[in-house]
Amino acid sequence: MQCETMDLLGLSFSACAAARSGLLGCLADQKPHRPEELAGLLELDPRATTRVLDVLVALGLAWRQDEAYGGTRELAELIRLLPAGLEANLALWGHTESYLRSGEPLVAMDSSLETQAAAYRSAVGDLGRLFGSAARILARSLPVAPTRILDVGCGSGIWSLTVAERFPQARVVGNDLPSVLDVFEAQAAAMGMRERCERLEQDMHQARFEDSSFDLAIIANVLRLEPADRAARLLQRVAASLRPGGALLVVDALAEGSPKAELARSLYTLHLALRTRNGVVHPSEQVRAWMQSAGLGQVSRLDFGNHPGALGALLGVRGQPALPGPPEVLGARPGMG
Ligand SMILES: C[S@@+](CC[C@H](N)C(=O)[O-])C[C@H]1O[C@@H](n2cnc3c(N)ncnc32)[C@H](O)[C@@H]1O
């Protein structure tokens with residue numbers, strides 16, 4: 001148990017009230033505000049506003065100096081990096097009780113490829129910002145120097161493009177749905193790499209990935225959108241596109257091994273269930289087994305420092321026999337989430 005039940009309810013409801021009332025949003029500018037000023041602006045009771053602000057201070061989301069309160073840098077970052085924004089996330093989490101009763105998600109982003117394309121066209125830019133620092137950690141610790149990279153369900157291409165930024169000889173083939181690939185191209189242009197990128201505009205389950213032609217393939221935050229049989233088949237096909245010695249990198253909600261990681265994974269699993277019908281966070285042992293049966297030996301684990309959330313990665317090399325014993329850990333830091 002990470003905190004007392006009484007505290008848990010108090011924390012959840014205070015944070016929720018602060019978000020819904022607009023307090024959190026106002027504090028995100030990190031400037032000093034007097035409680036009466038915030039209360040006037042948001043039509044709240046001034047004394048009650050102070051009580052809730054004090055809880056936010058204790059949570060590390062706000063600071064207090066004399067009579068003024070402001071949001072911390074952590075709060076501002078949290079709000080800036082929330083994919084789809086604070087309002088959309090409030091609506092999603094606010095659906096939890098209805099979901100509990102009905103089993104119905106608030107929205108089914110995965111009801112068709114068209115719905116998926118529309119949802120991801122607007123979301124992948126936010127995901128790119130959210131994953132930027134983790135992608136840099138990963139690019140620094142990659143044990144391969146790729147020249148040809150395939151990024152399956154690339155979204156903004158943040159993972160492959162960040163790797164390509166480190167290896168100037170590398171070229172990237174980005175696979176996604178057509179409208180989402182516009183975001184990939186814009187990101188490549190913003191990073192000065194448009195000339196080193198190609199579009200592969202096809203449903204990933206139908207796409208023809210050239211056999212034995214890539215030395216790095218990336219599947220980031222995609223397997224969670226697929227049921228087990230389709231996820232395993234996709235890994236097989238992508239593994240076949242690697243040259244012998246080429247590496248497959250799977251990034252997903254794969255963090256494990258600490259209470260913080262387990263909490264992040266279960267919260268992420270619930271978040272996914274609130275917005276999809278078929279989304280599933282596959283256990284990392286399962287993903288590792290699929291990679292091994294796709295001919296990838298020596299599956300190593302990579303975690304992402306103190307990056308918030310449940311992100312983790314597995315890297316397997318084509319044609320290398322699996323090592324006995326526990327998997328090698330690449331660049332991992334203890335207690336990560
Ligand atoms: C959660 S996003 C991840 C994007 C990116 N890899 C990242 O980690 O930021 C999932 C991506 O998979 C793409 N996708 C989903 N189903 C697809 C399909 N059948 N074919 C191609 N792309 C697909 C979506 O359009 C979206 O860009």
Side-chain angles (χ1 to χ4, degrees), residues 81-84 88 92 107-139 149-164 172-188 190-191 197-209 216-227 229-231 233-235 237-238 241 248-255 268-269 271-282 287 302 304 307 309-314:
L81 293 176
L82 255 188
L92 203 62
V107 285
M109 288 171 69
D110 55 350
S111 58
S112 68
L113 270 189
E114 292 70 34
T115 319
Q116 192 136 295
Y120 280 113
R121 186 184 160 82
S122 60
V124 292
D126 288 352
L127 293 178
R129 274 186 290 286
L130 179 69
F131 298 140
S133 61
R136 284 190 291 279
I137 294 174
L138 184 132
I149 305 173
L150 171 66
D151 191 347
V152 177
C154 62
S156 69
I158 189 65
W159 300 96
S160 51
L161 293 171
T162 305
V163 172
V172 178
V173 174
N175 160 248
D176 210 300
L177 304 169
S179 60
V180 183
L181 284 173
D182 298 343
V183 184
F184 166 65
E185 278 183 341
Q187 177 79 32
M191 293 171 77
C197 295
E198 288 169 46
R199 298 167 66 111
L200 181 58
E201 290 189 8
Q202 282 170 18
D203 177 345
M204 60 175 75
H205 300 290
Q206 316 290 335
R208 277 187 50 81
F209 305 124
L216 176 65
I218 300 176
I219 305 183
N221 304 311
V222 163
L223 294 184
R224 60 178 68 166
L225 302 173
E226 302 294 335
D229 54 338
R230 277 166 53 110
R233 249 196 330 271
L234 181 65
L235 280 181
R237 292 177 47 246
V238 175
S241 77
L248 173 64
L249 178 71
V250 177
V251 178
D252 220 293
L254 295 169
Y268 184 79
T269 305
H271 194 267
L272 191 63
L274 291 166
R275 60 188 161 88
T276 60
R277 284 200 191 284
N278 300 311
V280 47
V281 174
H282 304 291
V287 176
L302 179 66
F304 297 103
H307 195 273
L311 213 57
L314 293 174

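Read the numbers this way: they start at 1 and go in the same order the structure lists the ligands and their atoms.
- Partners of Phe184 according to the ring-ring contact (aromatic ring centres under 6.0 Å, His included) rule, which considers only residues two or more places apart in sequence or in another chain, do not exist here.
- Counting only heavy atoms from C-beta outward, the side chains of Ser156 and Leu161 never approach each other to under 4.5 Å.
- Ion pairing between a basic and an acidic side chain is recognised when a charged N comes within 4.0 Å of a carboxylate O; Asp176 and Arg121 show no such pairing.
- Near ligand 1, residues Leu113, Gln116, Tyr120, Val124, Leu127, Phe131, Gly153, Cys154, Gly155, Trp159, Asp176, Leu177, Val180, Gln202, Asp203, Met204, His205, Ala220, Asn221, Val222, Leu225 each place a heavy atom inside the 4.0 Å sphere around the ligand atoms.
- Rounding to the nearest 0.5 Å places CE of Met204 at 7.0 Å from CZ of Phe209.
- Here CG of Leu130 is found 8.0 Å from CG of Leu311. Values are rounded to the nearest 0.5 Å.
- Between the side chain of His282 and the backbone N or O of Glu226, at least one donor-acceptor pair lies under 3.5 Å.
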